[in-house]
Every structure is written in C-alpha cells, then in structure tokens.
Amino acid sequence: MTATLRDRLREQLADLKMPGALEALDEILRRADSGQLPAGEAIGEVLGSHIALRNQRRLQTAMRCARLPAVKRLSDFDFSFQPSVPREQLENLHTLGFIERRENVVFLGPPGVGKTHLAISLAITAAERGRRVYYATLADLIMWLEEAQQAGQLPRRLRTLVSPSLMVIDEIGYLPISRTGAQLFYQLMSRRYEHASTVLTSNKGFEAWGEIFGDDVMAGALIDRLLHHCHIVNIRGNSYRVRHHRELAPRPTEPPAPTPTPRRGVRRQEA
Ligand code: ADP
Ligand code: MG
C-alpha cells in the first residue's frame, strides 16, 4: 500500500473519531499487504478495533456514572456450580431484547448464589451497547429518595432515576424499610413501569415482600406491575463465596416460595 493511501486512511479514521482503529491500522495493513489477511478480514479487524475501544470507554463511563460496584460478566459465571440457573435463558437475556421490550428481570435466591453477579453482567452488557444504566441497592435508593424529598427535590430525583434504560435494584429484603421509603420506592417503580427495564434481586420470595415493605397492599401492587412483563430467575443452590468450605455451606436451600399469579402471563424465557 502506498504511503499516500495509508495517510488518507489515517485522516479518515481521525475524522471519524476512531482512535482504536487508527492505532491498530498499521499492523492490520502490514498483515494485509503481506497476504496474511484477506481484505474482508482486514476491514473486520479495523472496525473491531474501533468497537473494542469504544466498548472499553463506555464501560469506564458506566463504572463511573452508573455506580456499578464491580465488573462481572456472564463469561465469568460458572453454570456448572449453579445448575438451577438456566444458561440459555441468561444468554438470551444478554442479547438485551428485554430492554427493547421494557421488560423486567428478577433474580431470587439465597445469599452468594450469583444474583448481583448476573444483574451486573446484564448492566455491563447494556452499557457496552450504549444504554444508560444505573445500579443501586434498595437501601441506597430509598436513602436518596428520602433525601431528595426532604430537600424538596423529589420530582427531579425521580426523573433522573426513571430515565436510565436499565436500572439494577439490588438487595431487596436485606434491610428493613420505612413506610415513607416504601412509598417512595413504589412511586419510582410505577414510573418505570412500561417505560424502562428494571433488574431486581432479592433473597426473599415475593410472599415476603409485604413484610419487607411493611404494607401488603402496596407490595401486591408493586409485584403486580413488576411481574406484568417479567423474567424470573429462581436460583437454588449453595453460596459461591463459601464453595471452598463445603462443610460450612448451608444445605441446599428451599426455593423462594412460588410466585403469585401475575395479571398477564409471566415470561420465563426471552421470546
Ligand atoms: P448474591 O448477590 O446472590 O449474594 P453474588 O452475585 O454477590 O451473590 O456472588 C458472590 C460472589 O461469588 C461474587 O464475587 C460473584 O462474582 C461470585 N459468584 C457467584 N456465583 C458464581 C458462579 N456461579 N460463577 C462464578 N462466580 C460466582
Ligand atoms: Mg448480592
């Protein structure tokens, strides 16, 4: 390839703001010129280099702005350790069709079985595809909503929390919630209902949510909206945290209690 052509490619990639591709260009051209790389593959590698850097930057931004507590990926999830997690359902969820359809995902199960891991890996996949994501534990979320309400800024805070196309709300059921807190959470979930997807995790089955939120009627209404378009992943098994101490691990736990019948069908598989 002539130096002029190479320079033009460099200018074009710079113009298109493709620094990842620009950096990889010389090496790709060297392999293409020496006949190691067919033209189609060379183009694929140039574009692939751009996408890889873009995804890395999106992930960095998401880690900063979305408050994700760690990087966890589906590829790091050991399905053989947790056979109650249906691999196919999880792989389908990671194609993110549920976000397009504004459906929810609920991970239920005892501590350490990978609920947060899988919720974060969905958020990271979505962030890499350019979706705005947000992570919070239920306790933090309620604290922010209460603070905003006290400062007279609830409408603004609610708008901020409604806008991400994927919100992870982790650890429902670990800490008790005040009555106002529960009402604020209900307001948020009502706004997100059919507007954007939410991924929730809980160590308690739905039958215990009335107790968690201190109000059976409100919990019922919340679950009703949540389950209207929802994928439920019920994880039964041992904690991954204590896997090297099998003798310490609890016996295989009872599954969280059966889910109440939703208004309309609950989808257990991505379509
Ligand atoms: P939970 O939210 O259900 O309490 P976590 O998702 O926080 O559990 O999992 C606890 C730790 O174990 C995390 O570091 C997570 O990445 C890891 N982990 C859990 N399950 C698996 C698994 N099946 N394969 C690989 N790592 C796992
Ligand atoms: Mg967790």
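Just so you know, ligand 1 is whichever comes first in the structure, and atom 1 is the first atom listed for that ligand. Hydrogens, waters and symmetry mates are skipped; everything else that's a heavy atom, side chains included, is used.
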Heavy atom of the protein closest to [atom] (residue, atom name, distance):
{"atom": "atom 16 (O) of ligand 1", "answer": "H117 ND1, 2.6 Å"}
{"atom": "atom 2 (O) of ligand 1", "answer": "T116 OG1, 2.7 Å"}
{"atom": "atom 7 (O) of ligand 1", "answer": "R241 NH2, 3.1 Å"}

(request) Might you work through the salt bridge (charged side-chain N to carboxylate O under 4.0 Å, His left out) test for K204 and E171, ending with a clear yes or no? (result) CA-CA 9 Å; K204 305 245 170 76; E171 299 186 357; over 6 Å; no

(message) I'd like to know if D140 and R67 make a salt bridge, using a cut-off of under 4.0 Å between side-chain N and carboxylate O.
(response)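 Between R67 and D140 there is no salt bridge, as every charged N stays at least 4.0 Å from the carboxylate O atoms.
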
(request) Would you please test K115 and D170 for salt bridge (charged side-chain N to carboxylate O under 4.0 Å, His left out) and show each step? (result) CA-CA 8 Å; K115 302 182 297 297; D170 204 5; over 6 Å; no

(request) Take the angle between the ring planes of F185 and F213 and call it parallel below 30°, perpendicular above 60°, tilted in between. (result)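 Rings of F185 and F213: parallel, as their planes differ by under 30°.
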
(message) With respect to the Mg ion (ligand 2), please indicate if T201 possesses an N, O or S atom at a distance under 2.8 Å.
(response)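 Here the distance criterion (N, O or S atom, under 2.8 Å) is not met by T201, so no.
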
(request) Using a 4.0 Å heavy-atom threshold (strictly under), name the region of T201 that reaches ligand 1: side chain, backbone, both or neither. (result)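 Looking at T201 and ligand 1, no heavy atom falls under 4.0 Å.
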
(message) With a heavy-atom distance limit of 4.0 Å, tell me whether Y240 approaches ligand 1 through its side chain, its backbone, both, or neither.
(response)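 Side chain only.
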
(request) Could you list which atoms of ligand 1 come closer than 4.0 Å to a heavy atom of P111? (result)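 That gives atoms 4 (O) of ligand 1.
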
(message) At less than 4.0 angstrom from any non-hydrogen atom of K72, what atoms of ligand 1 do you find?
(response)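 Contacts of ligand 1 toward K72, numbered from 1: 13 (C), 14 (O), 15 (C), 16 (O).
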
Are any of the N/O atoms in [X] less than 3.5 Å from those in ligand 1?
{"X": "Q82", "value": "no"}
{"X": "G114", "value": "yes"}
{"X": "D78", "value": "yes"}

(request) For atom 4 (O) of ligand 1, state which one of G112, G109, A119 supplies the nearest heavy atom. (result)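 The nearest heavy atom belongs to G112.
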
(request) May I ask you to check whether F79 and F81 place their ring centres under 6.0 Å from each other? (result)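 Here the rings of F79 and F81 have centres that are no less than 6.0 Å from each other.
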
(message) Looking at Y240, I'd like to know if the NZ or CZ of R243 sits under 6.0 Å from its six-membered ring centre while staying within 45 degrees of the ring's axis.
(response)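 Verdict for Y240: a cation-pi partner in R243.
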
(message) For a 4.5 angstrom cut-off between non-hydrogen side-chain atoms, does L53 reach P19?
(response)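 Answer yes - side chains close enough.
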
(message) Pair H229, E194 - check side-chain hydrogen bond (donor to acceptor under 3.5 Å, both in side chains), show working.
(response) CA-CA 8 Å; H229 310 285; E194 293 194 331; 2.9 Å; yes

